[in-house]
Structures are given as structure tokens and as C-alpha cells.
Amino acid sequence: MRGIINYIKKQLTQNIIDQINSIDINNIREAEIYDELKPFFERIANENEERARAEKIRREFTANVSHELKTPVTTISGYAQMINNGMAKPEDIKEFSKKIEKESDRLLHLIDDIINLSNLDETDSIEDAQTLDLSHITEEAIRVIEKSAKERNIQIFYSHTPAFIRGNATLIGELVYNLLDNAVKYNKENGSITVFVGEHSDGVEFSVEDTGIGIPEEDTERIFERFYRVDKSHSKKVGGTGLGLSIVKHVCACHNAKISVKSEVGKGTIMYVAFPKDTTGLYDLSHTV
Ligand code: ADP
């Protein structure tokens, strides 16, 4: 009797193993399998798809990085050659060196953003987490962008209450700075920016509202993709790299924060970031930045 049971067990197991072995791992969804195995294979299929998607994004990123780096280097090299060959008239030299300086700055900015993004790619958790007062970090970032805002006569209104979150100070600083910088870059002359930081029962809210050019509805999802720009030439003119919002999205993800956009073309844009309760509140105040 025991022998028969063992034989049946072996036979059944063998059937399952045969079915698993016969499956084309790249085409799991098409395979005919026992209902009991379906959830397991569904998970494998999902993981395969996620891996393929990540691989595609990485390949596209590498291709885009090469292209984006090549453009400023080509310009720099072109102007330097003209000066070197004596092809530039003396009165042009000042203008050419200004262009070389501008493109070099762009290149450095781009390299900084690429390094930031690849560091973020390496981690999905926060290192050196400490209790931060978001209103304090925002105040510092406003001080940095004030000069470029003034140059275009853009007014900044800031209302805040102390708002504590748990996070990495450098990354949160990047997030705040990138959103404020965009609010200046894509604003109109004589426009305004309204910044809000506050703590409420669900967590901490941070928002930046501008009176700028706005974002077409069909682009609002895509602006968080690497190198995606609604208007490439406008972004380049204002010194954009196309990576700022990808960095913002990454920083939000590793702080469990949610970012959302509301925008109207020609009227302006609001970016909201919501930090949930579990990443907010008064933790270890001795390390507050
Ligand atoms: P960039 O370096 O080009 O500013 P970002 O990743 O920061 O790159 O933004 C991606 C694109 O989203 C920008 O090129 C711009 O088209 C659009 N964008 C971002 N913020 C705003 C804003 N506040 N108003 C209008 N458009 C914006």
C-alpha cells in the first residue's frame, strides 16, 4: 500500500516538474499550466517584465547621456578651435569665451545630475536619515534662487510652519531646490511663486506654485522621465538638464512621499509633495538640520 502511495506521489510530482521544465520562461503568460501553479508563474512573469523594463530604461539612459554630453562638448570644442586657429576676430573672442563658459557650466550641471541619479539608482532606502525641519531647508533654498528670481522680477511668497520629516538632508535639499528652480525657470517675467510648507494630521505638505508657462496635460506624467522636456530648446535656454524632476521623483520614492502636479498652459503649475505620517513628526530633535 505504502509503495503504491509513493509511486503515485512520485508520478504526480514528476508531472508538475515536467510541466515546469517545458515552459518557455520568456513566454510564461502563454503557457498551459495547472491552475495551482498560476499565481507562482504570474509572479515570475511580473518580475521578468519589471526586469526588462528596467533594462530598457537603463539602455535608453546610457544612449541619452552620451548624446546630451556630446552636444556641449562639440560646441566647446568648436569655439576653442576657432580661437586656436586664429579664425575668430579679436572682437569675437569675448563672445566665444562666454559661450565656452556657458556650455562648460551646462556640462558640469549635467554631470552633477547624472552622478546624483546614479547614486539614487543604487539605493531605495535613505542613508543618514535624520529629523529635518522642511521649513528651514526651504528657506535656505529660497535664498539660493532669490537672485535668479529677482533678475526676472519674480516675487516669492513663502508661508510656513515648522514641519518635521525624517530624511536625508542633501536629498531633501535637492528636491526642494529643483522644484523652486523650475518655478523660476518656467515662470514669466514679473510672475510670482507661492511656496507652502506645513504639518497636518496626515503628515507634511510642501507645495510650489508658479504663474509660468504651464505644462500641457498629456505631458504631466512624462515630465518625470529622464531627459523628457516639454520644449527642449526652452529647457536648454534656461539651463535645464532634463533630469531635475527624475531626481525629485526618486527622492520622493525613497522617502515614501507622493508628488503630484496640477497645471494649466499659460497660467501656471503647482507641484505638491506629501510626506506621510510615518516619515514625519518630532523624532530625534538633537539632530535637526
Ligand atoms: P529641466 O532641467 O529641463 O528643467 P526637469 O526634469 O526639471 O528638467 O523638468 C522636465 C520638464 O518639465 C522641463 O523641461 C519642462 O518642460 C517641464 N517643467 C518642469 N517644471 C515646470 C514648471 N514649473 N512649469 C512648466 N514646465 C515645467
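Numbers here simply count residues along the sequence, with the first being 1. Note that the structure is a prediction, hence the values are computed from the model and not measured. Remember, it's 1-based here, ligands and their atoms both numbered in the order they're listed.
- At a 3.5 angstrom cut-off on N or O pairs, G242 counts as close to ligand 1.
- Contacts of D210 with ligand 1, taken as heavy-atom pairs under 4.0 Å, involve the side chain alone.
- For the residue pair H255 / N168, no side-chain donor-acceptor distance below 3.5 Å is found, with atom types taken as modelled.
- In the vicinity of K185, heavy-atom distances shorter than 4.0 Å reach the ligand 1 atoms 1 (P), 2 (O), 4 (O).
- At a 4.0 Å heavy-atom cut-off, ligand 1 touches I223 through backbone and side chain alike.
- Scanning all heavy atoms of the two residues, the minimum distance from Y272 to K262 falls at OH-NZ, 4.0 Å.
- A side-chain donor from one of N190 and N153 sits under 3.5 Å from a side-chain acceptor of the other.
- Taking every heavy atom of both residues into account, I126 and R166 meet most closely at CD1-O, 4.3 Å.
- With a 4.5 Å cut-off on side-chain heavy atoms, T138 and H160 do not count as touching.
- Among all protein heavy atoms, the one lying closest to atom 20 (N) of ligand 1 is N182 ND2, 3.4 Å.
- For atom 18 (N) of ligand 1, the choice among Y228, F227, Y186 with the nearest heavy atom turns out to be Y186.
- Note: no N/O pair closer than 3.5 Å links S246 and ligand 1 by distance alone.
- Atoms of ligand 1 lying under 4.0 Å from at least one heavy atom of T241, given by number and element, are 1 (P), 2 (O).
- Of all protein heavy atoms, the one closest to atom 5 (P) of ligand 1 is L245 N, 3.6 Å.
- Heavy-atom minimum distance, V273 versus F275: CG1-CE1, 3.7 Å.
- When each atom of ligand 1 is checked for a heavy atom of G244 under 4.0 Å away, the hits are 5 (P), 6 (O), 7 (O).
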